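The shown structure was predicted, so the numbers you read here are calculated from the model rather than taken from an experiment.
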Amino acid sequence: MYAVQGGAGAIVVAVFAATIGVTDAVSEERTGVGSSTTLALGGLAPPQQDHHHTVDISDINSTPFTTFTNPVIGVDAPDPGVQFLGGQWVMASTGGGPNGTALPIRMSSDMIHWKLVGAVFSPTTMPVWSDNSTFWAPEIHEIPKASPPRYNVYFTSKTREGVLAVGVASSASPTGPFAATQTPLVFDAIGAIDASFYSENGSHYVVWKTDGNSAGQPCRIRVQELTADGMALAPATKYTELITNDLAWEGGVVEAPWVVKRDSTYYLFYSGEGYADSQYCVGVARSKTLLGPYTKSSAPVMSQFASDPTGKTRVFAGPGHCSVVRLPGDRDTWAMVYHAWLAPHVNAAPGRVVLVDPLTFDAEGWPEVGHCNTPSSVAVSGTTWAPVRCVETTTTEYHITTSQWGTVGWTTNGTIGSTQAKFRFTPGILPGGTVSVESVEFPGHFYRHRNSFLELDKPDGTMLFGQDSSFMLRPGLLGGEAAVDPLVSLRLINYPHSYIRHENGRLQISTWDGTTQLSQDGSFHLVAV
C-alpha cells in the first residue's frame, strides 16, 4: 500500500550498484545486471517439461541468457501487478508518476529489463469518485474473448469521503488511456482494497481484501463474479469469503490476493503481516474449486523476516504483494514477481524494489520459490530455472552441526555434543512450506519444541504437535545465501518471530533479537552422512 499526495513522483536512485549489481533510473530499462545479458521470459515454449524438474529457459525467443541478479527494478515500484499482454510483459504498480499521473506502467520483453511507458491515470482522467490522492495495487488484465480486445485495470483508491474502495477502468490498449467507471466497483464501509482478476470458462471474477486491520477487525479475502465486460459485479450474485487471517505468521493481515490454476488445483497467493516492516511475507492456500474451501500452507512460501541492518547476509526484507505468472507456452514453468525492501532500508528510501524468482511445485503440490523460500540475492540462472532448496526431504541422513564448532552437533536428547546423532528432513507434519526433523536412531520420533526447549517425541495426531514439530527451513541467519560455507536456520511457525538455537549446551527457541550471538547459535551446518 502507498499513498500519493499531489502525484508525487517515484524516487529515482542508484541502488547499491557495487553490492547488488544494479543501476536503474525509473524511466530507463535495466542494464548491466551482474553477468547477465537478457532473460527472455516470453515467446515460444521449449518442449513440455516434467513438473518437478528444472527447466532450461535460456533459449526462449532465441535470446541468449546466462544470469540475472535481483532487484530487476531498483526504485520504488510497490505492489507489482504483472501480466503477459500482446507479446510483452506489462507491469502496473502503486504510487505516482511524472507530471501528476498515478499508477506507473512499465513494459518488458523479458521480465527483467523494464521501461517506464506511462501511467494508468493522468490528471485529466482520474476517476470522478476518487479523492485523487491515494492509488494502490493496480493490475491490468485482458478480458478474454473481447472483440476488439479490451484491457481492464483494477485498482484501489479513496472515495471523496475517505473510504478505500476498489475501482475499475478500461482501455483498448494495455498502456491506456483508461476510462474509469463513475462509481467504485467494490465498496465496503470498512474499506475494500487489493483487487485481482480471475477468468475461466467465460466467467470473470474479482478477488479483494476487506480492510479489517485498519479497524482492529479480521481481514477477509472475498471473491464475486463480474459481468461479461468485467466492469461491474454480476447482478444477483453475492461474494464468497475465501480466507481470513488465522495463522500466527499472518499477524493481523491477509491481503494482496492472486489466483492461478495449475492442473485441477486453484492456488490463492496472498500476503500476511504489515507491508511496512520485515515481517511481510507471501502465503498460499489451495482448493479444488475457485470458491473454496481453501487449505492454507502452514508457513509462508516467501519470507525474509530476520532483517539485517548491514544488508550483507540478507540483502532484502519483507517480501510480498506478488504476481505469479506462468511463462508463455504450454508448460509448467512459473515465476513470482514481488516487491521487497532493501534490508538496511526497511520503510525508507529507495522504497520497495521489484524482484523476480523461479517458482515450482514440490511433490505434494506446494509452491517453492527463490532460495529456500526467501528472495534470491545472488545470480539466478536461466539454464536451470528452478528454486534452490536448503535440503532434500528424502532419505538423506544428516548431522546437524553448530556454526561455531564443526565437530559438535545435535544429539537425540535435546542437547549438542561431540557424539552427533543422525537426522533426516521430512515434509512438515503440518505441510506446506515446512519440514520436520526425524531421528534416524529413533524412527518415527521428531524434534518438537515444548516449554521453549527441543525434545524428541512421537506424533500424537494433535494440531499442537504438528505446530511444534513443523519448521521453516531458511538460509542461515549467520551466513546467508551468498556464503561460501552455507548454513541453515529453523524458524517456528506458531511463534514465527523465534528460531531454534543452542544455548548452554541445550537446543531451545529464542525470539529474534538481531544479535550476532543469536545468529551464530541459530545457524547450523547440514552434513550428509
Side-chain angles (χ1 to χ4, degrees), residues 1-3 76-83 91-95 103 134-141 153-157 164-167 185-186 188 190-198 205-214 218-223 241-247 249-260 266-286 294 296-297 300-304 316-325 335-341 351-357 359 367 369-370 373 375:
M1 298 185 291
Y2 188 89
D76 193 43
D79 310 330
V82 176
Q83 286 286 326
M91 175 193 297
S93 59
T94 284
L103 303 176
T134 303
F135 289 94
W136 293 344
E139 292 181 13
I140 300 171
H141 294 267
V153 58
Y154 299 88
F155 62 94
T156 300
S157 188
L164 288 164
V166 169
L185 174 66
V186 179
D188 189 309
I190 203 172
I193 71 171
D194 290 356
S196 190
F197 173 85
Y198 182 80
Y205 301 86
V206 61
V207 190
W208 74 95
K209 167 206 174 183
T210 63
D211 201 33
N213 57 296
S214 65
C219 297
R220 307 181 191 281
I221 302 297
R222 292 172 171 169
V223 62
E241 186 171 307
L242 303 182
I243 61 170
T244 187
N245 54 293
D246 54 11
L247 296 179
W249 54 264
E250 295 168 344
V253 178
V254 289
E255 63 183 20
W258 183 282
V259 177
V260 298
Y266 295 85
Y267 290 86
L268 169 61
F269 291 85
Y270 65 95
S271 294
E273 278 286 3
Y275 78 95
D277 60 41
S278 62
Q279 300 174 44
Y280 204 51
C281 56
V282 177
V284 69
R286 63 187 188 182
Y294 280 84
K296 292 180 178 179
S297 62
V301 296
M302 170 57 69
S303 66
Q304 185 62 284
F316 304 108
H321 204 119
C322 70
S323 299
V324 174
V325 293
M336 178 181 284
V337 187
Y338 59 102
H339 74 232
W341 303 99
R352 286 165 283 175
V353 297
V354 177
L355 290 71
V356 174
D357 261 313
L359 183 149
V369 193
N373 290 354

Does [X] reach the side chain of [Y], with side-chain heavy atoms less than 4.5 Å apart?
X	Y	result
P367	F269	yes
S278	Q304	no
T94	P138	yes

Enter the distance from [X]:[atom1] to [Y]:[atom2] here, rounded to the nearest 0.5 Å.
X	Y	atom1	atom2	answer
F316	L355	CZ	CG	4.5 Å
Y294	L268	OH	CG	5.5 Å
Y154	H141	OH	NE2	7.5 Å

Could you pull out the closest heavy-atom pair between [X] and [Y], with the gap in Å?
X	Y	value
I190	G212	CD1-CA, 3.6 Å
E255	I193	OE1-CD1, 4.3 Å
D246	E250	N-OE1, 2.8 Å
V82	S323	N-OG, 3.0 Å
Y338	C322	CB-CB, 3.8 Å
E273	G251	OE2-CA, 3.6 Å

Got a donor-acceptor contact below 3.5 angstrom from the [X] side chain to the [Y] backbone?
X	Y	result
W208	P257	no
S93	D79	no
N245	C219	yes
T210	R220	yes
S196	W258	no
S297	G283	no

*Assess the side chains of D194 and Y270: does a donor N or O sit below 3.5 Å from an acceptor N or O?*
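Distance-only check fails for D194 and Y270.
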*Should R352 and H321 be marked as a side chain to side chain contact (heavy atoms under 4.5 Å, CB included) after you check the CA-CA gap, both sets of side-chain angles, and the distance that decides it?*
CA-CA 11 Å; R352 286 165 283 175; H321 204 119; over 6 Å; no
*Where do V324 and Y267 land on the side chain to side chain contact (heavy atoms under 4.5 Å, CB included) test, with the steps shown first?*
CA-CA 10 Å; V324 174; Y267 290 86; over 6 Å; no
*asked:* Show, in sequence, the C-alpha distance, side-chain angles and deciding distance for L242 and Y266, and conclude whether the side chain to side chain contact (heavy atoms under 4.5 Å, CB included) test is met.
replied: CA-CA 12 Å; L242 303 182; Y266 295 85; over 6 Å; no
*Using the side chain to side chain contact (heavy atoms under 4.5 Å, CB included) rule, take K209 and V253 through it: C-alpha gap first, then chi angles, then the decisive distance, then the call.*
CA-CA 10 Å; K209 167 206 174 183; V253 178; 4.2 Å; yes
*Could you check whether the rings of Y280 and H339 sit parallel, tilted or perpendicular, using 30° and 60° as the cut-offs?*
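Taking H339 first and then Y280, their aromatic rings lie parallel (interplane angle under 30°).
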